[in-house]
2 protein chains.
Amino acid sequence: MRATVKDVARRAGVSPKTVSNVMNGIVPVSGATKFKVEQAILELDYVPNLSARGLRNGRSGVIALALPDLATPYSAEIAHNVVEVAHEQGWSVQIEETGSDPRREYELMSRARSNLIDGLILNPVVLDESAVKVGVSLPPVVLLGEVSQKLADRVWVDSVAAARDMTLALARTGRRRIAVLGTAEGRGSAAAILRTRGYHAALEELGIDRDDSLLIPCEKWTPQTAAAALASYLDSHPLPEALFCFTDSMAIGAMSVLWNRGISVPGDVAVAGFDDIADGQYAVPSLTTVSFDKRQVASEALRLLTERMADRTGEQRVVTLDYRIVERDSTRG
Amino acid sequence: MRATVKDVARRAGVSPKTVSNVMNGIVPVSGATKFKVEQAILELDYVPNLSARGLRNGRSGVIALALPDLATPYSAEIAHNVVEVAHEQGWSVQIEETGSDPRREYELMSRARSNLIDGLILNPVVLDESAVKVGVSLPPVVLLGEVSQKLADRVWVDSVAAARDMTLALARTGRRRIAVLGTAEGRGSAAAILRTRGYHAALEELGIDRDDSLLIPCEKWTPQTAAAALASYLDSHPLPEALFCFTDSMAIGAMSVLWNRGISVPGDVAVAGFDDIADGQYAVPSLTTVSFDKRQVASEALRLLTERMADRTGEQRVVTLDYRIVERDSTRG
DNA sequence: AGGAAAATTGTTAGCGCTCACAGTTGTTAG
DNA sequence: CTAACAACTGTGAGCGCTAACAATTTTCCT
């Protein structure tokens, strides 16, 4: 049978409360007592029962991270950083995938309310409007990325500015017919809308007329869908001079199609992405992209979350992270 | 204040136990009572406290998944599948990263023993010997991948056979000087040893003499390290006819180096990987690899885990998954 | 209708932990 | 040597839930 505080207390010749004090370190304990207790803990191989502690304290030490799809490199990198930073601060991380199934939202919220979770970091991509449900009965929530609502604390990169800068960078290499891949035809995601806006802003600045035939729609931001979208686009349109993909993943899918068709990158067309996922560095050719510090995404999200746990009353806060354009081979020459 | 079973019971005019019975559905409850209780639950917006349930039942409904590094595409795909399958079966998944820091091992085990976790799926790569600690005081453990010890249930792909088959497949395209990337110089990981063994077995079958200068060591299996290892290898060795990388990630790093040096794949050298990560499909050129069903890895691991929860006495079991060689552009022609 | 068996609901207790508060010991000053 | 205070340790209760058991009601025979 597992040892409990009682067993440890008995063995150390103290009360359960003293054992608790030793473990938590808030209430001071004399050196001798502390030693006895620690000895007993080792001898009995005692490990505290976190369920009991969670019940008593109302906090579990676990936060949830909800991402659309863990298999996506971007999500994976975010998850990696969140897990790492959280771990350093003593948190455990429970992963939830929201996928494209809207029912998961509700399940997620229920889980989040079930006291096994002290806070929630949510990266809404498909489920933009889910944030609406962020109510008082939920634990603190921090949103990652572009979201239209202003209902929770948020960490993001200014997509409009970044997309504008990337478009300008592409223009600086002498290309004018710049296409974008990843726009939405109907009501798209917030990210799609903002990045398209930045692209348009740059064109205006450059004095280039908008040409809607250079908007290549692609609802889902994966290599598969991007490849398919680009392939069918090329069947009926001339090759643009540059291709700004709203995601590195899409850029990788796009470059695969271009290579298969014998179109040279960057010789025939320059390609750029967004997110700076690790694979972009090793893509062939290496991928120009919008880079930002994903570890900072994680640490800022966790900071907002823990601060919100301490004080649930304040204003909604937004942290805007720095970004920079990283030029690699896919746009050179 | 949050509603509790008591509140629900009072409102429904029944006892707390009846509420519990309605929720768990094991003990039969009459239709009328059930309706009253469900009504009360809705009205009070009641959500059960999982900490309390966990304390009472001794089970939390959470399993842990421990991977070396979530940012790795392979790990990410495994995590995605485990989370998905676990979710379908009503489990939550807590992610732990073991990284290369051995201290994490101990922390992981402590966590695992702290009753917040009902089981553990562990993918040991660096920490091969960690499995030694799999003792009776731990929750059930399932190991993923090649492990030398036989101390826990395990799901894996036969690396020896797969590496042998891949080597044979490369030879079938007419190449004889086949190099492997990812061998270990000292005491390597179990996977490195087994895959090297399979490679050697194939050479023997083919009647090709071993040439140890075709073993390119690379301790850490990432694109970065693979790129560095291959680059320095090429500085002092002639180009082999084929390059079998022990991991798709390494193959992607390798192809990046080859492209930078103007070496054509598959024209000058064929390249193959192992794992069939999604990126391999969109690599330039698309990557020949050893493929296996990652969803099946997840579902088998979960099956073993739940069966082990029910009966902790039986023999250690090993599930060996099917694999197949998928030939793509990187080895064609 | 009477009684036994079956079906349903209620009561009690405690999972392991830590909070509030009460109690005990050691320390210093008058 | 005693009073006043600090520093530490013990006591009791309860977080919310459900297992075992007890009590009650319903159902079905004869």
Side-chain angles (χ1 to χ4, degrees), chain A residues 1-41 44-62 110-111 113-118 137 139, chain B residues 1-41 44-62 110-111 113-118 137 139:
Chain A
M1 206 48 213
R2 282 261 310 265
T4 72
V5 265
K6 262 186 187 161
D7 302 322
V8 175
R10 198 178 319 118
R11 183 168 196 110
V14 297
S15 80
K17 178 64 220 258
T18 302
V19 175
S20 173
N21 286 340
V22 170
M23 304 210 65
N24 293 299
I26 312 283
V27 180
V29 178
S30 71
T33 311
K34 192 170 175 182
F35 179 78
K36 276 191 302 185
V37 171
E38 282 169 347
Q39 205 60 29
I41 288 176
L44 294 173
D45 195 23
Y46 167 74
V47 177
N49 182 324
L50 297 185
S51 284
R53 185 179 285 173
L55 174 58
R56 177 67 240 213
N57 290 345
R59 297 188 307 105
S60 62
V62 180
S110 293
R111 281 269 176 198
R113 291 181 47 208
S114 64
N115 267 33
L116 261 183
I117 277 168
D118 296 340
S137 60
Chain B
M1 206 50 213
R2 284 260 311 264
T4 73
V5 264
K6 261 186 188 162
D7 301 322
V8 175
R10 196 175 322 117
R11 183 168 196 110
V14 298
S15 79
K17 177 66 220 261
T18 303
V19 176
S20 172
N21 287 340
V22 171
M23 304 211 64
N24 293 299
I26 311 284
V27 180
V29 178
S30 71
T33 312
K34 192 171 174 179
F35 180 78
K36 275 190 301 181
V37 171
E38 281 168 347
Q39 205 60 30
I41 287 175
L44 294 174
D45 194 23
Y46 167 76
V47 177
N49 181 324
L50 296 185
S51 284
R53 185 179 285 173
L55 174 60
R56 175 70 237 210
N57 289 344
R59 298 189 306 103
S60 62
V62 180
S110 294
R111 280 271 175 194
R113 292 179 48 210
S114 63
N115 267 36
L116 259 184
I117 277 168
D118 296 340
S137 59

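Computed over heavy atoms, backbone and side chain alike; hydrogens, waters and symmetry mates excluded. Quick caveat: nothing in here was measured; it's all calculated off a predicted structure.
We find that CG of L116(B) is positioned 14 Å from P of dG16(C), with the value rounded to whole Å. For the pair L50(A) CG and dC17(C) P, the computed distance is 9 Å after rounding to whole Å. Nucleotide dG16(D) holds its P atom 12 Å from the CZ atom of R10(B), rounded to whole Å. Distance, K6(A) NZ to dT18(C) C1': 13 Å, rounded to whole Å. As rounded to whole Å, 11 Å separates atom C1' of dC17(D) from atom CE of M23(B). Atom CZ of F35(A) and atom C1' of dT9(D) are 19 Å apart (whole Å). For the pair D7(B) CG and dC15(D) C1', the interatomic distance rounds to 13 Å; values are reported in whole Å.
Between atom CG of residue L50(A) and atom CD1 of residue I117(B) there is a gap of 8.5 Å, rounded to the nearest 0.5 Å. Summarising the geometry, atom NZ belonging to K34(A) is positioned 11.5 Å from atom CE belonging to M23(A); distances are rounded to the nearest 0.5 Å. Here the straight-line distance linking atom CZ of R59(B) with atom CG of L116(B) works out to 14.0 Å at 0.5 Å rounding. We find the CG-CG distance between D7(A) and D45(A) to be 12.5 Å, quoted to the nearest 0.5 Å.
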Can you give me the N/O atom pairs linking the protein to nucleotides 19-28 of chain C at distances under 3.5 Å, or say none if there are none?
residue	atom	partner	partner atom	Å
dC19(C)	O4'	R56(A)	NH2	3.4

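Side chain of P16(A), nearest nucleotide from dC8(D), dT18(C), dC17(C): dT18(C).
Between P16(B) and A9(B), the shortest heavy-atom contact is N-CB, 3.5 Å.
Pair assignment for dG30(C) gives dC1(D), based on Watson-Crick or G-U wobble hydrogen-bonding distances that are each under 3.5 Å.
Comparing R53(A) and V14(B) along DNA chain C, the residue whose closest nucleotide (by nearest heavy atom) sits nearer the 5' end is V14(B). Across the interface with DNA chain C, nearest-nucleotide mapping of T33(B) and N49(A) shows T33(B) to be the residue nearer the 5′ end.
Side-chain N/O atoms of S30(B) include none lying less than 4.0 angstrom from OP1 or OP2 on dA7(C). For S15(B) and dG10(C), the shortest distance from a side-chain N or O to OP1 or OP2 is below 4.0 Å. Proximity of T18(A) to the phosphate of dC8(D): no side-chain N or O atom is located under 4.0 Å from OP1 or OP2.
Using a 4.0 Å heavy-atom cutoff across all strands shown, S51(A) reaches no nucleic acid atom at all.
Among the candidates V37(B), N21(B), V22(B), the single residue satisfying the side-chain contact (heavy atoms from CB on, under 4.5 Å) test with V14(B) is V37(B).
Residue pairs meeting the side chain to side chain donor-acceptor pair (under 3.5 Å) criterion with at least one partner in residues 46-56 of chain A, sequence neighbours excluded, are absent.
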